[in-house]
Amino acid sequence: MLIRFHWLQSELSNCICKSLLRAKQLHALLLRTHLLEDPFYATKLVRLYAANNDIHSAYQVFDESSTRSVYLWNSIIRAYAQSSRFDSAISLFRTMFGADISPDNYTYACVIGACCDNFDFGMLRLVHGAAVASGFGMDPICCSALVAAYSKLGFVNDAHRVFNGIAAPDLVLWNSLISGYVCSGSWEIGMRMFNWMRHVGGKPDGFTLAGLLGGITDSSLMSIGQGLHGLSLKSGLDSDSHVGSLLVSTYSRCKCMASAYSVFFSIFQPDLVTWSALIAGYSMSGEYEKALFYFRKLNKGNKKPDSVLIASALAAIAQAANIGPGYEIHGYVIRHGFESDVKVSSALVDMYSKCGFLHLGTRVFRIMPERNIVSYNSIISGLGLHGCASESFKMFDEMLAKGLMPDEATFCALLCACCHAGLVKDGREIFHRMKDEFHIMAMPEHYVYMVKLLGSAGHLEEAYKLVQSLSEPVDKAILGALLSCCNSSGNSKMAENVAQQLFESNPDDNAYSVMLSNIYAGDGRWDEAKNLRDRITGGQRKMPGLSWTEGSFC
DNA sequence: GTAGGGTTAG
């Protein structure tokens with residue numbers, strides 16, 4: 001009999017990989033043997049049903065149990081919370097107060113998490129109060145949930161206050177606080193907390209590193225990312241597959257593809273997300289051939305790409321403007337039933353139009369079963385790229401009529417359409433509507449389109465004024481666009497001003513110093529040209545990109 | 001004699 005118990009226990013514990021059918025078989029067996037009267041088995045079964053998304057059966061097991069342990073209560077509350085049935089989770093929690101059993105620290109942790117997932121700050125405060133009243137105000141399990149919940153809802157100061165109440169915080173509490181600061185945008189404070197933790201003798205684990213790596217959003221922070229990578233090697237955390245995967249995506253995000261690849265290569269069996277990070281990284285860095293190479297390589301193995309991966313592979317193809325592999329993937333999409341996926345279909349629309357096959361993109365768009373803002377943005381931008389501005393305006397109106405809210409990308413697409421068709425008046429109007437009617441802040445991309453539109457239609461002064469109205473430092477893409485407009489309309493005085501501005505706002509980028517020095521030389525102002533050159537080269541006469549030597553052009 | 005809290009990428 002004892003052997004059978006062991007077998008049952010392990011069967012019930014490996015619930016993630018078991019099917020619903022297996023759950024029902026075990027349920028029947030437990031009923032026959034009267035083992036369900038033991039709350040231990042009832043708890044296991046509730047968890048098994050919950051893992052297989054059968055919340056109804058889970059509740060039935062709970063409901064029919066005569067003796068309910070705190071484990072059983074917690075399991076059913078967690079089952080409701082994790083399937084986003086927050087009201088049911090909370091009302092069960094309330095019922096618990098009337099029952100003959102009291103919530104424990106795990107109950108509170110679970111309900112706190114539910115309040116957070118439901119963005120219910122008011123309820124979070126109430127539950128926090130109840131937890132303190134029940135004596136869990138300094139319990140590490142309850143408090144780590146509080147720290148995470150407060151910071152996720154944007155109240156990182158409250159999170160820190162909870163943390164401060166604990167005399168000897170454990171690693172989980174530190175991790176919650178660090179990632180709390182990082183995900184609310186205070187990356188430096190997160191780093192400070194991390195250093196403090198190490199100072200008081202805390203040893204980071206995979207979660208600590210994951211929290212910090214999430215804050216490395218662009219290549220300017222890459223050296224810190226590399227430091228964290230070094231730390232993971234030193235602490236032996238690189239064998240944690242999550243850490244490896246996060247390093248791949250961090251390096252990919254910063255376009256450090258050689259490093260991304262070397263980490264990827266060291267992972268034993270990379271999962272889909274890791275593959276996808278690598279492929280998207282190559283695609284974003286302009287290495288489209290490699291992106292496709294790894295997409296094909298993934299296909300040859302036993303892993304099957306999902307919708308997100310297909311969409312990012314299609315984005316790589318769109319950038320490469322190479323229709324061949326695009327057809328290949330479209331075939332794959334049809335064979336595997338991904339057509340109904342709105343992400344995939346929108347990526348197909350975008351891919352076809354960027355490869356020059358607008359009619360194919362339009363066809364995909366027309367037969368899409370579901371359309372969202374991304375699909376409309378794809379078709380609006382596709383039409384715009386092919387010079388069909390009026391059709392793209394029509395699509396915009398259709399989108400509004402459907403009640404969809406435009407976003408930044410919609411206006412990029414519309415302004416791009418105006419640029420391609422040279423529609424200055426429409427462009428101005430769209431730019432104003434974006435800000436006034438839809439309350440969307442103009443991003444550098446929008447200004448770039450406006451500058452190109454105005455500059456190429458002979459309204460250089462207006463473009464210049466628009467850029468000068470921006471607060472410093474002005475994004476270099478905007479200034480770059482303005483500079484090329486100045487150059488093509490032969491306005492050398494204005495070009496010099498803009499180059500000067502580019503140089504001043506990017507003092508560390510030698511490309512701008514070289515450019516300005518060339519401009520001075522072209523104007524015959526050799527002293528100024530030389531001064532600037534010597535400042536960057538430290539007296540050396542040669543510098544890549546420099547188009548002059550002492551007193552003459554090369 | 002048994003079990004649960006924090007994190008996670010494209």
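Reckoned from all heavy atoms, side chains included, excluding hydrogens, waters and symmetry mates. Chain A is the first sequence line, chain B the second, and so forth, proteins listed ahead of strands; every chain is numbered from 1.
- Of the listed nucleotides (B:dG10, B:dG5, B:dA3), B:dG10 has the atom at the smallest distance from the side chain of A:L309.
- Backbone-only engagement by A:A148 is indicated by non-hydrogen atom pairs under 4.0 Å involving sugar-phosphate atoms exclusively.
- In this structure, a donor-acceptor pair under 3.5 Å is present between the side chains of A:H229 and A:Y251.
- Here the nucleotide nearest the side chain of A:D104, chosen from B:dA3, B:dG4, B:dG10, is B:dG4.
- As rounded to whole Å, 12 Å separates atom C1' of B:dG6 from atom CZ of A:R78.
- We find that CG of A:L72 is positioned 16 Å from P of B:dA3, with the value rounded to whole Å.
- Comparing B:dG10, B:dG5, B:dA9 by their closest approach to the side chain of A:A280 singles out B:dG10.
- Put simply, CG on A:L314 is 14 Å from C1' on B:dG10, counting in whole angstrom units.
- The separation between A:Y106 atom OH and B:dG6 atom P is 10 Å, rounded to whole Å.
- Taking 3.5 Å as the limit, the base of B:dA9 and the side chain of A:S249 contain no donor-acceptor pair of atoms between them.
- Checking B:dA3, B:dA9, B:dG1 against the side-chain heavy atoms of A:Y41 singles out B:dG1 as nearest.
- For A:M284 and B:dA9, the CE to P distance is 14 Å, given to the nearest whole Å.
- Counting distance only, with no hydrogens placed and no angle test, the side-chain atoms of A:D139 and the base atoms of B:dG5 include no donor-acceptor pair under 3.5 Å.
- Regarding contacts with the backbone of B:dA3, every side-chain N or O of A:R47 stays at 4.0 angstrom or more from both OP1 and OP2.
- A:A145 comes within 4.0 angstrom of no nucleic acid atom, judged by non-hydrogen atoms across all strands.
- By the 5.5 Å and 30° criteria, A:F40 is not stacked with the base of B:dG1.
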Practice problem: Begin from the C-alpha positions of A:D54 and A:K24 and carry the test salt bridge (charged side-chain N to carboxylate O under 4.0 Å, His left out) through to its verdict. | Solution: CA-CA 10 Å; A:D54 188 348; A:K24 293 212 185 284; 3.3 Å; yes
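- Among the atoms of the strands shown, only primed sugar atoms or phosphate atoms (P, OP1, OP2) are found under 4.0 Å from some heavy atom of A:K152.
- For the pair A:F136 CZ and B:dG5 P, the interatomic distance rounds to 16 Å; values are reported in whole Å.
- Atoms NE2 (A:H160) and P (B:dG6) sit 21 Å apart, rounded to a whole Å.
- Among the atoms of the strands shown, base atoms are found under 4.0 Å from some heavy atom of A:T43.
- Comparing B:dG5, B:dG6, B:dG4 against the side chain of A:I141 picks out B:dG5 as the nearest.
- The base of B:dG4 is paired with the side chain of A:Y71 by a donor and an acceptor separated by under 3.5 Å.
- For B:dG10, its base never sits under 3.5 Å from the side chain of A:D271 at any donor and acceptor pair.
- Between the base of B:dG6 and the side chain of A:S144 there is no donor-acceptor pair shorter than 3.5 Å.
- Salt bridge annotation for A:D120-A:R125: absent, with no cationic side-chain nitrogen under 4.0 angstrom from a carboxylate oxygen.
- The interatomic distance linking A:R68 (CZ) with B:dA3 (P) rounds to 23 Å, in whole Å.
- Between the side chains of A:Y108 and A:S134, at least one donor-acceptor pair of N or O atoms lies under 3.5 Å.
- Remark: A:K255 NZ is loosely packed, at most 12 non-hydrogen atoms of other residues, nucleotides or ligands lying under 6.0 Å away.
- Taking each heavy atom of A:S151 and A:S184 in turn, the nearest pair found is O-CB, 4.4 Å.
- No contact: A:I112 has no heavy atom under 4.0 Å from any strand.
- Comparing atom distances between the A:S245 side chain and each of B:dG10, B:dA9, B:dG5 picks out B:dA9 as nearest.
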